[in-house]
Amino acid sequence: MSRQTTHLEIQGMSCANCSQTITDALEKLEGVVEANINFATDEGSVEYDPDEVSLAKIYDAIENAGYEPQRATVSIGISDMTCANCADTNEDALESVPGVIKAEVNYATDEAQVEYNPADVSRDSLYDAIEDAGYTAVREDSDSEESDQERRDAARQAEIRKQFRLTVFGAVLSIPLLFFIVENYLLGGGYLPEAVFGVEFGWVEFLLATPVQAILGWQFYKNSYKALVKNKRANMDVLIALGSSTAYVYSVVVLVGLIAGGLYFDTAALILVFITLGNYLEARSKGQAGEALQKLLEMEAETATVVDDEGDEEEIPLEDVEVGGRMKVRPGEKIPTDGIVVDGQSAVDESMVTGESVPVEKEEGDEVVGSTINENGVLIVQATKVGENTALQQIVQTVKEAQSRQPDIQNLADRISAYFVPTVIANALLWSIVWFLFPETLAGFVDWLPLWGQVAGGPAPVGGTVSVFEFAVIVFASAVLIACPCALGLATPAATMVGTTIGAQNGVLFKGGDILERAKDVDTVIFDKTGTLTEGEMELTDVVVFDSDGNAVTDGGEPTPDGGQLTSRDRLSEDNVLRLAATAESGSEHPLAQAIVDGAEERRLDVTEPDEFENVPGHGIRATVGESEVLVGNRKLLRDNGIDPSPAEETMERLENEGKTAMIVAYESELVGVVADADTVKDSSKQAVTALQKRGIDVMMITGDNERTARAVAEQVGIDPNNVRAGVLPEDKSIAVENIQDEGRQAMMVGDGVNDAPALAVAYVGTAIGSGTDVAIEAADVTLMRDDPLDVVKAIRISDATLQKIKQNLVWALGYNTSLIPLASLGLLQPVLAAAAMAFSSVSVLSNSLLFRRYTPDHDYELLGRLR
């Protein structure tokens, strides 16, 4: 067996037991020969048989054991790919490099996303693998000022210019040949003389067609050689080379008099012209499909005006801006990089990042996103992220990675493409042989035979008769040309490319094409309440005092002087209760606690730090103020500490029915009051719920709040009370989501991406509502750039629209082949027309995908009718 050894850097190990855990996990894998993991150096080596176990499974085993093996990802531009089979060839070549975990090559974007072990793999080895497979890798150049993207764009433009020049060259020489076709097939022949200046027309055709065959055909012959000889698989170039060379070689044989028959130099030349024209249009369309993403990058500012501590200003290149630097942004200027406003107030146009057309007001302390536009006032911004870490760069990288991960529906196209070319060649050979052996029998079934006449009789292309052998050659050439799988290979990636870009333009980032496909199948959306359906900014609304008899009172007595120690139960007032709660809660970072502290400070109460503090997750807090214990939390917290919460029940129910979060305050083991916070429901929450319900999606809510508060919020936004899961602890949210999905639901969990990370990870689709600068939430499948629940609807609409576009493309590509292969096999289609139809098929699929760029997710399009 063949063996490989990979060297790993592993994070997360804290003791020798950790290294042994990893070793045990790896040695359980069939195909792993030996694993040596060193805790002291955070390194390890694994010897394995790549035929039995992949490096990806080794990485998965380490991660499933709870540790993190180091990996890196690189995007590489690839030139010269002509079909989906070329993408498969490059994937195989890259994955054969020792140390490569996974490679995904996208024919529509001409790029490869490679995940690899940085300890074993160099960039050059990846470039070499691509070039050894017969393709051109766009290498990075450290000595050049051009970025990787600029080099790839330059390579694409060079390919477009090359295909254009070839098309023009071929067209100039082939236009005269069109006269032969028109004269023969449309006018019936006999109008042109047999010779020009003493040179027979056959030789004139030869002189015109041979340069076309040599110059335009060279790329197809070269690629066919690489595909068949080096990579041992047939691709689109093989079909084109077979079709055009069959017509050309047959014509040469006839011209020199070795056999009798018609001449097809015009067909051979025009096949190559049509295919090359198709390649040119295809290359242009690919460039147009990626233009929207490129325009995002072009919106970056080129310079920044930095301000030093003395107030002096200096304009510097964007790449020289450092984290912590202060930048001055005048009205109308682009904000150079992500940062925080430290001075000034203005409205900022963030539409290019979030899709929101209304400018957002910014003041001191607010975050801003690089490349957004300052509308009016002057802002001083402190840089927090620069270079590749900015939100804009992360968006572009996220979209590129999403485009490299194709939907599951692409697997169907890949399986078909893998066997398509050999099947097509076999079909063409079969029918050409059948026509040759049984011409009269087949002619009886097809009495309305092709334009050039009947087999072994009738008018031939250039005089004489069409022999049985000649007709068999025609059938073979037509059958191989009509069935090139270009359209099939482009159907999914082209639409996915546009769909993910539409998402980015509207503030919706899909982690992959597979997620883009999956979102449309969601039948249940589960919203976290706080910060998702509500603003997540709690504020103090009520303080209720209870006397020693457990009765709610409007005045609990005289306030204690600031700084005085509370020693008498009867002297508590509203301010006393609030000060107690705020002092106890000042040790907590929970939004409910912060609202209580802010409310006390607004009343100018003296809030100090507690002497001791303990958080009781899901229930409240326990603190020591002075020498007394203070509890602030729910009913269970009090019961667990031997305090009866029933005197506050009526007050609690009233506040909770108003949608407020009420908390009981206990002091020295006695109930002394109730404080309540409220969170405002977002304006768009009810619209989002209504829109989802109109699509037939069940909407649910999950929250740690009590039942009454949760139901009050649910009623405000239109969620069925039966679909509310209240009192769910943070660590139990993932279990709640799993229980919902166990009912047979395909659920989308929508949360903030931090506290809700486990729930997002287990959901069918995890969706994180974030801010404009937070685009790298690992647990989420979908990241929404705005804090707007309506964007959940956008995500589902974009998914639905993209998959409809993919299906349109696949129906066209498969329908085209299904209908025209039989025509070619029966001899009812000229080779030149087959080539034109094949080129048109690919261009039409790309054009259909480009039309998708007009789609806007703010409105539903019934079956994309407006885009057809």
Side-chain angles (χ1 to χ4, degrees), residues 80 82 161-185 189 192-228 236-280 428 452 460-464 466-467 469-470 472-478 480-481 484 830-836 838-839:
D80 304 332
T82 57
R161 290 192 297 270
K162 169 189 168 184
Q163 295 299 333
F164 177 75
R165 289 194 299 269
L166 289 173
T167 301
V168 171
F169 173 80
V172 168
L173 292 178
S174 299
I175 286 175
L177 297 175
L178 284 174
F179 290 106
F180 296 100
I181 293 178
V182 171
E183 192 264 350
N184 188 66
Y185 296 117
L192 294 175
E194 294 183 358
V196 177
F197 302 114
V199 179
E200 294 183 7
F201 261 130
W203 288 102
V204 172
E205 287 187 276
F206 171 79
L207 293 174
L208 291 172
T210 299
V212 176
Q213 197 71 30
I215 305 300
L216 271 66
W218 171 247
Q219 59 183 332
F220 301 108
Y221 294 134
K222 178 182 67 175
N223 292 340
S224 296
Y225 171 80
K226 290 184 295 188
L228 293 172
M236 184 200 80
D237 297 299
V238 173
L239 298 182
I240 295 169
L242 275 175
S244 62
S245 59
T246 296
Y248 179 81
V249 172
Y250 176 83
S251 300
V252 170
V253 172
V254 171
L255 185 64
V256 298
L258 295 179
I259 62 173
L263 299 178
Y264 294 92
F265 288 118
D266 46 11
T267 297
L270 288 170
I271 285 171
L272 295 175
V273 172
F274 283 135
I275 299 299
T276 306
L277 174 61
N279 288 347
Y280 163 68
W452 50 81
V462 188
V466 178
S467 68
F469 176 72
E470 181 177 344
V473 170
I474 292 169
V475 168
F476 176 81
S478 298
V480 295
L481 287 168
C484 291
Q830 278 230 41
V832 67
L833 297 179
M838 190 278 286

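Remember, it's a predicted structure, so these values are computed and weren't measured experimentally. The analysis underlying the following values was restricted to heavy atoms, covering all of them including side chains, and did not include hydrogens, waters or symmetry mates.
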Q: With sequence neighbours left out, write down each residue that passes side-chain contact (heavy atoms from CB on, under 4.5 Å) with Val253, or none if nothing qualifies.
A: Val249, Leu258, Ile259

Q: Locate the shortest heavy-atom distance separating Ala269 from Val212; write the atom from each residue and the value.
A: O-CG1, 3.8 Å

Q: Enter the distance from Tyr221:OH to Leu242:CG here, rounded to the nearest 0.5 Å.
A: 9.0 Å

**Q.** Ala247: partners by side-chain contact (heavy atoms from CB on, under 4.5 Å), with sequence neighbours left out
**A.** Tyr264, Thr267, Ala268

(Q) Rounded at 0.5 Å granularity, tell me how far CG in Leu272 sits from OG1 in Thr167. (A) 11.0 Å

Q. Partners of Ser174 by side-chain hydrogen bond (donor to acceptor under 3.5 Å, both in side chains), sequence neighbours excluded?
A. none

Q: Mind checking the CG-CG spacing from Leu270 to Leu173? Nearest 0.5 Å is all I need.
A: 11.0 Å

Q: With sequence neighbours left out, write down each residue that passes ring-ring contact (aromatic ring centres under 6.0 Å, His included) with Phe206, or none if nothing qualifies.
A: Trp203, Phe265

Q) What pairs with Val172 under side-chain contact (heavy atoms from CB on, under 4.5 Å), at least two apart in sequence or on another chain? A) Val168

Q.
Which residues pass the ring-ring contact (aromatic ring centres under 6.0 Å, His included) test with Phe476, not counting sequence neighbours?
A. none

Q) What pair of heavy atoms forms the shortest contact from Pro176 to Leu208, and how long is it? A) CB-CD1, 3.8 Å

Q | Approximate separation, where rounding is to 0.5 Å, of Leu228 CG and Ser224 OG | A | 6.0 Å

Q) Partners of Leu166 by side-chain contact (heavy atoms from CB on, under 4.5 Å), sequence neighbours excluded? A) Lys162, Gln163, Ile215, Leu216, Gln219, Thr276

Q) From Tyr250 OH over to Ile474 CD1, what is the distance, rounded to the nearest 0.5 angstrom? A) 7.0 Å

Q. So how far is it from Glu205 CD to Asp266 CG, rounded to the nearest 0.5 Å?
A. 5.0 Å

Q.
Are Phe169 and Pro211 packed together at the side-chain level, in the sense that at least one heavy-atom pair is separated by less than 4.5 angstrom?
A. yes

